[in-house]
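Following: one structure in C-alpha cells, then a few remarks.
Please read all numbers here as calculations on a predicted model, not as lab measurements. By convention here, the first residue in the shown sequence is residue 1.
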Amino acid sequence: MPSAVDQRSAPAVTGPRPAAPRRRTRLLALPEARWSLASLVLFLLALPVYLLDGPGLLWGALFAGTYVTGGWEPGREGLKALKDRTLDVDLLMVVAALGAAAIGQVLDGALLIVIFATSGALEAVATARTADSVRGLLDLAPTTATRLLPDGTEETVDTERLVVGDVVLVRPGERVGADGQVLDGTSEVDQATITGEPLPIAKQAGDEVFAGTVNGTGALRVRVERDPSDSVIARIVKMVEEASETKAPTQLFIEKIEQRYSIGMVITTLAVFGIPLALGDTLDSALLRAMTFMIVASPCAVVLSTMPPLLSAIANAGRRGVLAKSAVVMERLGQIDTVALDKTGTLTEGVPYVTDLRPMPGSGLDETALLALAASAEHPSEHPLARAVVAAAREHDLALSVADNFASTPGQGVTAAVDGHTVTVGAPAGLLRPGTGEEHHHKAVAGLEDSGRTAVVVLRDGVPVGVLGIADRLRPDAAATVAALTRLTGRTPILLTGDNERAARRLAAEVGITEVRAGLLPQDKAAAVKEWEAQGRRVLVVGDGVNDAPALAAAHTGIAMGKAGSDLALETADAVVVRDELATIPSVVQLSRTAHRLVVQNLAIAGTFITVLVAWDLIGTLPLPLGVAGHEGSTVIVGLNGLRLLREAAWPRLTNATH
C-alpha cells in the first residue's frame, strides 16, 4: 500500500565520500599569469596619469612596460607560428598595437595588449587545473597494500609492485589496492567512483572489485587480476588525458578565419604603404595612410563582435548558477544536437531515502511503528541504507529506542536488542527463506524490486514483520529538463549509467527517456560518446562522478553537477551547474544560441564599418581622427549590442512551458 513517507521523507545525510587531496597549481606559478598581471597593473597605473595629462615621461614608461610584459608572450608565439609559415591573430594584434602606438594611439594599443595577455593567462590556468585534477585522480588508488605471502604472513608493499596472482588483504574502511577477484570474506564496497552506483555493493567470494573503491565493514582477501598500471582507475586517467589531447581544437568563429584575414591585412597594408611610395608619395604620407589602414582594418571590432555577447552570456548564466569556463564553451553549448545524461547524482540526488513502508499482516505494526523499530536497530550503523532509515524516522519526529547488543554482518544486515526483542534489519536474500510460509513477504520484496527499489526486511524475534523500500530521489526538475532538451535538440536525451538495467529503465520511464545504456564502466560511457561523435553528432554529456570524466572529456561539450561532483568531473567538464539545478541546462543552451545570433549581427555591423572605412582610405583620403573614430565607434556599437545579454530578461525560462 502507498506510504506517507513518499511525501514527507527527506534524503538521508550520507556524509562525504572519500575524496582525492587537492593538488592545485598556484595561479602565479604560471608565467602567463605573472606576465598578464604585470601588464594589467602597469596599464592601470598608466591610465589615470594619461587621462589627467600627467607627465608624458611617466605614462610613456608605464605604457611601454605594459607593451613589453603583456605583448612579448603572444608576440613570441606569433613569431613561432610565423616560422611554420602560419600567421595568427596574436602576432597581428601585437603589430596592430605597435602600429597604434606609432601614430599616437598609445592607449588603444595598450588596452589591446592587456586583453590578449589576459586571454592567454586564462587559457593557461584552465589547462593547468585540468592537469591537476587528472593527477589528483591517481590519489584515489592507495599507494600501499597488504600482500599475503604463501606462508600466511603479511607484508606491506607499494601497490605498483603488485603483480597478477598476488593475494592482498583489504581491511574494513581501506581502499582496494588493485582490480581483482574476492577469494574470501564478505563485505560491502562503495564503488561509486567507478560505476556511479548510489549504494555500496555486497561482495563475496567470486565477485570482482576495483582499485580505488572503498571497503565497508568486512575484511576481504582479493587476488590481483590486473596489473596496477592497467586498472580501471588508471585507464580512466589515460582516457581523460587522451580525450583532452585529441578533442577537436576549440576555436571561436572569428578564429577560424583569422589566418586568411591576417595574411590579407598584412599584404594590403604593405601595398598601401609601398605603392604610393613607389609612385612618388612622401614617406610620412605613405606611412600615415598605411597606419590608418591598419587601424581601420584591424579586427578589433570583429573580435569584440564575438566576445561581448559570449561574455555577457557567461555572466548571465553565472548569476543563475551555471559557470561556463570560457567564451569557446558558451559558443559550443549552442551547437549540441544530442544530450547524454548520467543517472546517479545527475537525474537523481545521489542519496538513498525511504520510499515505502509495508508492515506485514499479523505483525501488529503500522507504518510508523515499523519505521521506528527499524530505525532503532539501525541507529548505531554507518551504512548508507541505515542512515536513510534513521533520517526518515527523524523526519517524522519518531522517538527511537536504545539498541543493545548491536552487531553488523557485512552483506546481510544488523541485529540489535530493542525493547526486549531481537530485531534484525537487512537484505532479503539472507533473511527470508522460501517455503516457510513467508510467501507474502517474498511478494512484497519482489514488488519493490520490480519497481526499482532496494528492499530491506525487518525481523522481530526471527519473524518477518515488514519490508522497507529504499531508492535514490529523482530531482524535481528532471522530467521538465528532459522535455526542454528534447525540444531544443529534436532528440530525446539518452541515459548513460553504471547502475543496473532495471533501475535505469524505471527512472528513464519516469522522466520520458526512451534510450537507456546501463551497466556501463567509464570506458563504455566514453566509447558511446565517441560513437555518436563519429556519426556527426555534437554531444552534450551531463554527469557528476569520476566515472563520467572520460565521457565529459570526449564529448563536444561536458557539464558537471557541482554540489557533489568529483574534482575530476568538475575540472574536465566545460561548464558546471553550481546549484545542481537541472532546469538551467536547457536554459543555458538556449542562451548560447541567442548569443550566437548576436555574434552574427555584430559581425555584419563590424564588417560594414571596416568595408566603408577601408574603401574610403584606399579610394580617397581618410583623415586619421575620423578613421579612429569610425573604428572605435564600431567597437562601441557591437560591444553595446553584445551587452544586451546581461539583462535579466535575456535568461530563457524554458521550463515554464514544460509544466
**Asked** Should the pair Glu510-Arg475 be classified as a salt bridge under the 4.0 Å nitrogen-to-oxygen rule?
**Response** no
**Candidate pair Leu474 and Val511, rule side-chain contact (heavy atoms from CB on, under 4.5 Å), full reasoning** = CA-CA 9 Å; Leu474 185 68; Val511 298; 3.7 Å; yes
**Request:** Report the residues that fulfil side chain to side chain contact (heavy atoms under 4.5 Å, CB included) with Asp419, sequence neighbours left out, ordered by chain and then residue number.
**Result:** Ser401
**Asked** So how far is it from Leu347 CG to Asp472 CG, rounded to the nearest 0.5 Å?
**Response** 10.0 Å
**Message:** Taking Leu220's backbone N and O only, do any of them form a donor-acceptor pair with Ser187's side chain (distance below 3.5 Å, no angle check)?
**Reply:** no
**Prompt:** Do any N or O atoms from the side chain of Thr355 and from the backbone of Gly469 form a donor-acceptor pair under 3.5 angstrom?
**Reply:** yes
**Message:** Less than 3.5 Å apart, any donor N or O on the side chain of Asp366 or Thr368 sitting next to an acceptor on the other?
**Reply:** no
**Asked** Is there a donor in the side chain of Thr144 and an acceptor in the side chain of Asp158, or the other way round, less than 3.5 Å apart?
**Response** no
**Item:** Candidate list Val176, Val222, Val170, Val189, test side chain to side chain contact (heavy atoms under 4.5 Å, CB included), partner Lys203, passing option
**Value:** Val189
**Request:** Verify whether one side chain among Arg491 and Thr338 offers a donor that lies under 3.5 Å from an acceptor in the other.
**Result:** yes
**Prompt:** What distance do Thr557 atom OG1 and Leu552 atom CG have between them, rounded to the nearest 0.5 Å?
**Reply:** 10.5 Å
**Request:** Could you check if a side-chain atom of Val467 sits within less than 4.5 angstrom of a side-chain atom of Leu448, using non-hydrogen atoms only?
**Result:** yes
**Message:** One pair to check against side-chain contact (heavy atoms from CB on, under 4.5 Å): Asp342 and Asp548. What are the steps and the verdict?
**Reply:** CA-CA 8 Å; Asp342 174 48; Asp548 300 316; 3.3 Å; yes
